[in-house]
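Lettering follows sequence order; numbering is per chain, from 1. Computed from a prediction, not measured in an experiment: that's the story for all the values here.
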Number of protein chains: 2
Amino acid sequence: MTAERVMPAETANPGFRPLYRQVKDLLLKRIGDGIWSPGALIPSEQQIAAELGVSQGTVRKALDEMTSERLLTRRQGRGTFVARHDEARILFQFFKIVPESGVAIFPESELRRTENARADEEERSVLKLAPGDRVVRITRVRSLGGKPVISEYLSLPARLFPGLGEDIPIENNLYELYSSRFGITVSGGQERVKAIAAPPEDAQLLGLPPGAPVLAIDRVAVALDGTPVEWRRTLCQTADCAYVSDLR
Amino acid sequence: MTAERVMPAETANPGFRPLYRQVKDLLLKRIGDGIWSPGALIPSEQQIAAELGVSQGTVRKALDEMTSERLLTRRQGRGTFVARHDEARILFQFFKIVPESGVAIFPESELRRTENARADEEERSVLKLAPGDRVVRITRVRSLGGKPVISEYLSLPARLFPGLGEDIPIENNLYELYSSRFGITVSGGQERVKAIAAPPEDAQLLGLPPGAPVLAIDRVAVALDGTPVEWRRTLCQTADCAYVSDLR
DNA sequence: TAGTGGTCTAGACCACCGG
DNA sequence: CGGTGGTCTAGACCACTAG
């Protein structure tokens with residue numbers, strides 16, 4: 001591993017990048033390229049350090065950062081693993097809708113429609129697509145404890161998910177599916193929440209009177225490299241549940 | 001600093017607590033007790049290490065954790081400071097309402113009422129108060145760029161904020177006020193967001209038709225030791241703004 | 001130039017897991 | 001038992017700030 005510190009003079013350090021970040025970038029690439037798949041045990045700190053010619057402490061710092069970003073999970077005595085999008089992780093990192101009384105649970109899903117179509121203007125803008133690019137659209141209703149609370153609309157870049165909705169079935173845990181079937185690791189995202197009057201169709205699906213207030217949650221999910229890979233609009237009734245956010 | 005490692009046998013480590021966490025607890029106590037106030041420069045890593053008889057690396061690990069929790073800010077070449085609740089921090093950590101187009105800005109506030117009253121059942125439950133305890137209630141309207149978008153109701157334990165709303169004026173940046181006038185450091189909180197039909201009074205304040213959908217954001221803010229110190233209900237119209245949450 | 005935090009190294013020992 | 005991550009130490013040097 002070559003560091004800029006071998007060239008200490010003259011530059012006044014314009015593009016200084018610490019060694020542990022270079023290590024991290026390299027490890028990120030191995031995950032993004034599928035060399036290390038979700039769930040896999042990666043080499044030990046000592047092995048990585050020896051391979052790259054850096055100290056164990058430097059590797060540790062890189063792994064610590066990736067762990068804090070939920071990309072890795074470490075287990076003392078066992079090793080370091082690439083994080084999977086299991087239900088526990090989804091619940092903790094991505095699913096913010098919690099029943100009024102009780103703890104968060106993973107919702108059931110009922111698929112309504114899938115569709116492959118040319119992306120409209122809004123989809124192109126949100127997903128950063130080119131004119132003519134196609135999207136896969138998915139519509140479903142999600143329930144907590146048997147009661148429908150969510151009407152959800154997703155748009156995905158068709159190029160990244162070939163065959164999705166055709167020969168490849170839509171599972172409940174989509175991010176696990178993205179990872180296992182398409183090699184796409186969702187690493188984060190942003191949600192914008194608004195209050196709107198429920199459109200008639202969604203109100204009916206959720207058993208609400210027409211025009212009842214619901215949450216409209218727009219999420220753009222991104223892959224490891226920051227590319228948008230999913231846009232979803234979640235309409236959620238909040239009589240029996242709430243959108244929960246921790247301020248940390 | 002005494003560590004459990006001086007007693008390695010027999011216990012099989014039931015209450016093992018790493019040295020750096022003991023250091024952290026001690027430093028947290030100094031902030032909570034007001035020995036180090038927000039904005040203050042704390043001693044250097046070397047000084048703390050020497051004082052406590054641990055290595056600099058151990059102190060560093062404690063400080064790193066506290067920095068990641070936004071309790072400290074570190075500036076290379078200057079030192080380590082206790083974090084203040086300045087507008088930049090509020091905006092980043094606590095204020096999730098962002099204008100539709102444009103970047104987050106700190107809202108203006110117009111105070112409507114203050115009141116000192118016996119806590120009702122809901123306030124006692126949320127703020128963990130005893131029967132008979134009193135609360136300070138604050139009502140205000142907040143605007144973004146001159147346009148009212150938020151109607152807000154706060155309840156605070158009166159015991160923790162003596163004189164608030166009487167001789168002590170209500171500033172716009174409340175958490176800065178809690179800290180500077182009452183020695184209370186808000187370290188985090190949780191928000192529960194629902195969609196409701198705006199009550200008539202709030203609709204009028206926000207210039208909305210009666211019954212328009214608005215966000216109802218219930219926040220419980222906690223001090224360093226986890227004690228609830230504020231309950232606020234924020235009603236927010238989302239025609240021109242949205243509640244934004246990062247999934248990390 | 002002195003002092004701070006930031007990086008990097010090397011090595012020791014502890015806690016935990018599996019075979 | 002050996003191997004893993006977790007903690008702790010000691011020391012070197014770099015990057016940055018202030019006076």
Separation of C:dT9 P from B:Q56 CD (nearest whole Å): 17 Å
Aromatic plane relationship, B:Y243 with A:Y243 - under 30° parallel, 30 to 60° tilted, over 60° perpendicular: perpendicular
B:Q47 CD - C:dG3 P separation (whole Å): 10 Å
Length of the line joining A:E45:CD and C:dC8:P, which is rounded to integer Å: 15 Å
Whole angstrom value for the distance that separates P of D:dC13 from CG of A:L19: 17 Å
Selected nucleotide, minimal atom distance to A:S44 side chain, candidates C:dT9, D:dG5, D:dC8: D:dG5
Whole-Å distance separating the CZ atom of A:R17 from the C1' atom of C:dG6: 15 Å
Parallel, tilted or perpendicular: ring planes of B:Y175 versus B:H85, cut at 30 and 60 degrees: perpendicular
Quiz item: B:R60 side-chain donor-acceptor pair to C:dG6 base, under 3.5 Å: yes
Interatomic distance, A:Q22 CD vs C:dC8 C1' [rounded to whole Å]: 12 Å
Donor-acceptor pair between B:E191 and A:S245 side chains, under 3.5 angstrom: no
A:L215 backbone acceptor or donor facing A:K194 side chain under 3.5 Å: no
Atom-pair distance (CZ on A:R21; C1' on C:dG6), nearest Å: 11 Å
Nucleic acid contacts of residues 70-88 of chain A, taken as heavy-atom distances under 4.0 Å to DNA chain D: A:R74, A:R75, A:Q76, A:G77, A:R78, A:G79, A:T80
Closest non-hydrogen atom pair, B:L41 against B:R78: CD1-O, 4.1 Å
Phosphate OP1/OP2 of D:dC8: any B:K61 side-chain N/O under 4.0 Å: no
Pairing partner (Watson-Crick or G-U wobble, both distances under 3.5 angstrom) of C:dA2: D:dT17
Given D:dT7, C:dC8, D:dT9, the nucleotide with the shortest approach to the side chain of B:P18: D:dT7
salt_bridge(A:R84, A:E176) N-O dist < 4.0 Å: yes
Spacing between A:D64 atom CG and D:dG6 atom C1', to the nearest angstrom: 9 Å
Charged tip of A:R75 within 45° of A:F81 ring normal and under 6.0 Å: yes
Residue B:S55, side-chain atoms from C-beta onward, closest of C:dA10, C:dG5, D:dC8: D:dC8
Minimum-distance nucleotide (side-chain atoms of A:T58 versus C:dC8, D:dT4, C:dA15): C:dC8
